[in-house]
Novice: 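Here it is, the structure, as structure tokens.
Quick note on labels: first sequence line is chain A, next is B, and so on, each numbered from 1. Values below: all heavy atoms of this structure, side chains included; hydrogens, waters and symmetry mates excluded.
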Amino acid sequence: MHDVKLRLGRDGSVPRSRPSRVSYGERTMSYERWQIAGRHIVDTLFLVHAYDISHRSLTGFGLKEAAVHFNIAAPDRTYVEGDRITETFHNDPESLLRYVRDDVLETGALSELLSKSHFFQAQMVPYSYQTSCVRGTATKIDALMIREYCRQRKALPKPGAPRPFEGGYTDVFETGVIENIHHCDVRSLYPSLMLAHGLGPAADTLGIFLDMLKDLRDFRLEAKERMRRSKDRSERNDLDALQSAFKIFINSFYGYLGFAQGRFNDFESAARITQQGRELLQAMIDWLRKNGARPVEIDTDGIYFVPPADMLGEDNAAARERFRDGFRSALPAGIEVEFDGEYRSMYSYKMKNYALLTHDGEVIIKGGALRSRGLAPFQRKFLKEIIRCRLEGRDEELPELKARYETAIREREWPVTELARTERLQDSLATYEAKRARGGRARSAVYELALASGREYRAGDQLSYYVTGNKKSVAVHEAARLVSDWDANARDENVPYYLSKLADLWKKFGVGDNQGTLAL
DNA sequence: GCTAGCTGATGCCCG
DNA sequence: AACGGGCATCAGCTAGCG
């Protein structure tokens, strides 16, 4: 209105922006990247996504849900729904100010919690604080390598051509409910193998890659030790952020070798590392079997197993120590095994898919088949209840559980959000349409809904939809409807469709089938 | 005209 | 723009059936 320039730059310049993309794991988001001279802009939404890629524990990524998850929401915090902000501003400005203030406080607390490791990374890698938050770990390792080669005035190699190579050893030996489960894993498997066998990039003529890995590992252990000794809470927090920044790097050194764009990538070396890993884990499985244990599930660097019989009774401390010492001393130099979990029972389903019951009664669920966001909330809850019953040996309660869910669907007892699936647009709508036109992509409900809505959607946006109709077999992309268009007074969710989804889960996870213990 | 069963693409998860 | 391995779902197709 008054043509006042937004001179936020420390040199008095105005903010500039350009379209950009950021990706964490399989999630890519389009956004407007802003730059303000002499300042750093970090979107806490991105930090929340980066956190969730490794933890996968958040229910949603908005500020409110994140604040609740990290336990930083004020207990008496003010909430104002988005569509009531203008009205509240006019009628009750005080409460709107409280709402905004609470938002700012939560954002600050999130930032304090999640951005600190990037603050330390910015001191270590040749990227700014702002840039560090939107760069992947392999890119940062590349930058560290390039910086040192430039400093020593050495020529840089070209990246090697990518080729597929084998990964970790994954297997499942028993399925169903199994009692008394122990877990062990190899501490830092790939970094340990790399250092023990000198497995680094062939193009690294200066030999700095493995030195860097070793220094980072030693530095991290030192930071962890200082953290343990520190009496001051804020110092402990800082040291924790510092050591976790190093942990991320250390674990990415192997990944860097298989990184197509990495100047020092080395697919032969990456393949040798995973091969050594597979051989080591196979030897561990053999040792466990030879010594009376029953391996149940294995994934890359960890094994779930039933310990030998003499470790099961009371007063088994001596047998336990004998077993563990024997296992440790059977391992090669430089390889340490950790016994880091004991569980009342395990429900072993398929590779990378299992559930655990802790001695505190907590149920831990792992794997896409059992906890994926691709499942609707009612499916996840149904599965969790089935799994808890089975882990606790209460199979007789399962038919009642199934009946309860069937009734709820038939009688339309739940809000439609329980039935809705939430999916992320991986591509922009234009990219989707281009792929469709090329014939390379089938129709997909989320994209069709986004297109039909006429609203602006970007890659990375999430949409929730449910399925309408009255037959169990429907083309989802034709019968789908956005949750935001749902009318509670004229319910149209497809009852037979959702009943059949429930029946599918029952067939797989219910009782009275072939889900008993099965030795392969 | 219908459906079971297969294939390939996609989405999400494990370590 | 870290890696490979894995499971479930859906669209789109084909074979087989009545």
Novice: Please determine, for the side chain of A:Y447, which listed nucleotide (C:dG4, C:dA8, B:dG11) has the closest atom?
Specialist: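 Nearest to the side chain of A:Y447 among the choices is B:dG11.
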
Novice: Can you measure A:E297 atom CD to B:dC14 atom P for me and round it to whole angstrom units?
Specialist: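 Rounding to the nearest Å, CD of A:E297 and P of B:dC14 are 11 Å apart.
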
Novice: If the cut-off is 4.0 Å, is A:R278 near the phosphate of C:dG5, judged by side-chain N/O to OP1 or OP2?
Specialist: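 Checking A:R278 against C:dG5: no side-chain N or O falls below 4.0 Å of OP1 or OP2.
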
Novice: According to a strict under-4.0 Å criterion, is A:Y349 in side-chain N/O contact with OP1 or OP2 of C:dG6?
Specialist: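 A:Y349 to C:dG6 OP1/OP2: no side-chain N or O under 4.0 Å.
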
Novice: Output yes when at least one side-chain N/O atom of A:R441 is less than 4.0 Å from OP1 or OP2 of B:dG11, else no.
Specialist: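 For A:R441, the contact criterion (side-chain N or O under 4.0 Å from OP1 or OP2 of B:dG11) is met.
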
Novice: If you compare every side-chain N and O of A:T139 against the phosphate oxygens of C:dA2 (OP1, OP2), does one of them come in below 4.0 Å?
Specialist: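 Yes, such a contact exists.
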
Novice: Do A:Y498 and A:Y466 have ring centroids that are under 6.0 Å from one another?
Specialist: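 No, they do not, as the ring centres are separated by 6.0 Å or more.
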
Novice: Report yes if at least one side-chain N or O of A:Q379 is closer than 4.0 Å to OP1 or OP2 of C:dA8; otherwise report no.
Specialist: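 No, no such contact exists.
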
Novice: Going by heavy atoms closer than 4.0 Å, what residues in residues 350-366 of chain A are next to DNA chain B?
Specialist: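 Those residues are A:K352, A:Y354, A:K366.
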
Novice: Under 4.0 Å, counting only non-hydrogen atoms across every strand here, what does A:R135 touch: a base, just sugar-phosphate, or nothing?
Specialist: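 Since only primed, P, OP1 and OP2 atoms lie under 4.0 Å of A:R135, the category is sugar-phosphate.
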
Novice: Considering only C:dA11, C:dA1, C:dG4, which nucleotide approaches the side chain of A:A442 most closely?
Specialist: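 Nearest to the side-chain atoms of A:A442, counting from C-beta on, is C:dA11.
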
Novice: Starting at atom CZ of A:F264, determine the distance to atom C1' of C:dA2, rounded to an integer number of angstrom.
Specialist: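 Spelled out: CZ on A:F264 to C1' on C:dA2 is 17 Å.
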
Novice: Return the nearest nucleotide to the side chain of A:H477; candidates are C:dA1, B:dC12, C:dG12.
Specialist: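 Of C:dA1, B:dC12, C:dG12, C:dG12 is nearest to the side chain of A:H477.
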
Novice: Can you confirm whether or not the ring centre of A:F253 sits under 6.0 Å from the ring centre of A:F209?
Specialist: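 Close enough - the centres of the two rings lie under 6.0 Å apart.
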
Novice: Which part of the nucleic acid, if any, lies within reach of A:F249 when heavy atoms closer than 4.0 Å are counted: base, sugar-phosphate only, or nothing?
Specialist: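 The answer is nothing, as A:F249 stays clear of every strand by at least 4.0 Å.
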
Novice: Establish, yes or no, whether the cationic atom of A:R436 lies under 6.0 Å from the six-membered ring centre of A:Y447 and within 45° of the ring axis.
Specialist: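 Here A:R436 fails the 6.0 Å and 45° test against A:Y447.
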
Novice: For A:T170 and for A:G258, find the nucleotide of DNA chain C with the closest heavy atom, then tell me which residue's nucleotide is more 5'.
Specialist: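 Upstream on the strand: A:G258.
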
Novice: Looking only at side-chain atoms of A:K508, point me to the closest of C:dT9, B:dC12, C:dG12.
Specialist: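 The answer is C:dT9, which lies nearest to the side chain.
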
Novice: Verify whether the ring centers belonging to A:F61 and A:H49 lie closer than 6.0 Å.
Specialist: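 Under 6.0 Å, so yes.
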
Novice: Against the six-membered ring of A:Y127, is A:R135 placed for a cation-pi contact (under 6.0 Å from the centre, within 45° of the normal)?
Specialist: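 Output yes; distance and angle both within limits.
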
Novice: With a 4.0 Å cut-off on heavy atoms, is A:F253 in touch with a base, just the backbone sugar-phosphate, or nothing at all?
Specialist: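 If one applies the 4.0 Å heavy-atom cut-off, A:F253 turns out to touch nothing in the nucleic acid.
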
Novice: I need the CG-P distance between A:D52 and B:dC12, as an integer number of Å.
Specialist: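 After rounding, the reported distance stands at 11 Å.
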
Novice: Using a heavy-atom cut-off of under 4.0 Å over every strand shown, decide if A:Y497 touches base, sugar-phosphate, or nothing.
Specialist: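 The answer is sugar-phosphate, as A:Y497 gets under 4.0 Å only of primed atoms, P, OP1 or OP2.
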
Novice: Can you check the A:L189 CG to C:dC3 C1' distance for me, whole Å?
Specialist: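 Rounded to the whole Å, the gap is 13 Å.
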
Novice: Quick check: are there more than 12 heavy atoms from other residues, nucleotides or ligands sitting under 6.0 Å from CD of A:Q123?
Specialist: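 Count over threshold, so yes.
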
Novice: Could you check, using the six-membered ring where one of them is a Trp, whether A:Y354 and A:Y304 have ring centers closer than 6.0 angstrom?
Specialist: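 Close enough - the centres of the two rings lie under 6.0 Å apart.
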
Novice: Could you give the OH-to-P distance, from A:Y127 to C:dA2, as a whole number of Å?
Specialist: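 Those two atoms, OH and P, are 10 Å apart.
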
Novice: Are more than 12 heavy atoms from other residues, nucleotides or ligands located less than 6.0 Å from atom NZ of A:K154?
Specialist: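 No - once you tally the heavy atoms of other residues, nucleotides and ligands closer than 6.0 Å, there are 12 at most.
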
Novice: Is A:G255 touching bases, backbone alone, or none of the nucleic acid, heavy atoms closer than 4.0 Å?
Specialist: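 Counting heavy atoms under 4.0 Å across all strands, the contact made by A:G255 includes a base.
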
Novice: NA contact type, A:K501, heavy-atom cut-off 4.0 Å: base, sugar-phosphate, or nothing?
Specialist: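 If one applies the 4.0 Å heavy-atom cut-off, A:K501 turns out to touch the sugar-phosphate alone, with no base involved.
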
Novice: Measure from the side-chain heavy atoms of A:D301 and tell me the nearest of B:dG15, C:dG12, C:dA2.
Specialist: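 Closest nucleotide to the A:D301 side chain: B:dG15.
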
Novice: Within less than 4.0 Å of OP1 or OP2 of C:dC10, is there a side-chain N or O belonging to A:R421?
Specialist: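 Answer is yes, contact under 4.0 Å.
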
Novice: Please classify the nucleic acid contact of A:S252 as base, sugar-phosphate, or nothing, using heavy-atom distances under 4.0 Å.
Specialist: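 Since no nucleic acid heavy atom lies under 4.0 Å of A:S252, the category is nothing.
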
Novice: CG of A:L425 versus P of B:dC12: gap in Å, rounded?
Specialist: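 For the pair A:L425 CG and B:dC12 P, the rounded distance is 10 Å.
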
Novice: So, is A:R443 close to the C:dA11 phosphate, meaning a side-chain N or O under 4.0 Å from OP1 or OP2?
Specialist: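 No, A:R443 has no side-chain N/O under 4.0 Å of OP1/OP2 on C:dA11.
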
Novice: Touch check for A:T28, heavy atoms < 4.0 angstrom, all strands: base, sugar-phosphate only, or nothing?
Specialist: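 Contact class for A:T28: none.
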
Novice: Does a side-chain N or O from A:Y169 land closer than 4.0 Å to OP1 or OP2 of C:dG6, or not?
Specialist: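 Checking A:Y169 against C:dG6: no side-chain N or O falls below 4.0 Å of OP1 or OP2.
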
Novice: If I take atom OH in residue A:Y190 and atom P in nucleotide B:dG15, what distance separates them, rounded to the nearest angstrom?
Specialist: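 Nearest whole value for this atom pair: 13 Å.
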
Novice: Output yes when A:D218 and A:K214 qualify as a salt bridge under the 4.0 Å nitrogen-oxygen rule, no when they do not.
Specialist: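 A salt bridge is present here (some side-chain N lies under 4.0 Å from a carboxylate O).
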
Novice: What is the separation between atom CZ on A:R163 and atom C1' on C:dC3, rounded to the nearest whole Å?
Specialist: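 Computing the A:R163:CZ to C:dC3:C1' distance gives 13 Å.
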
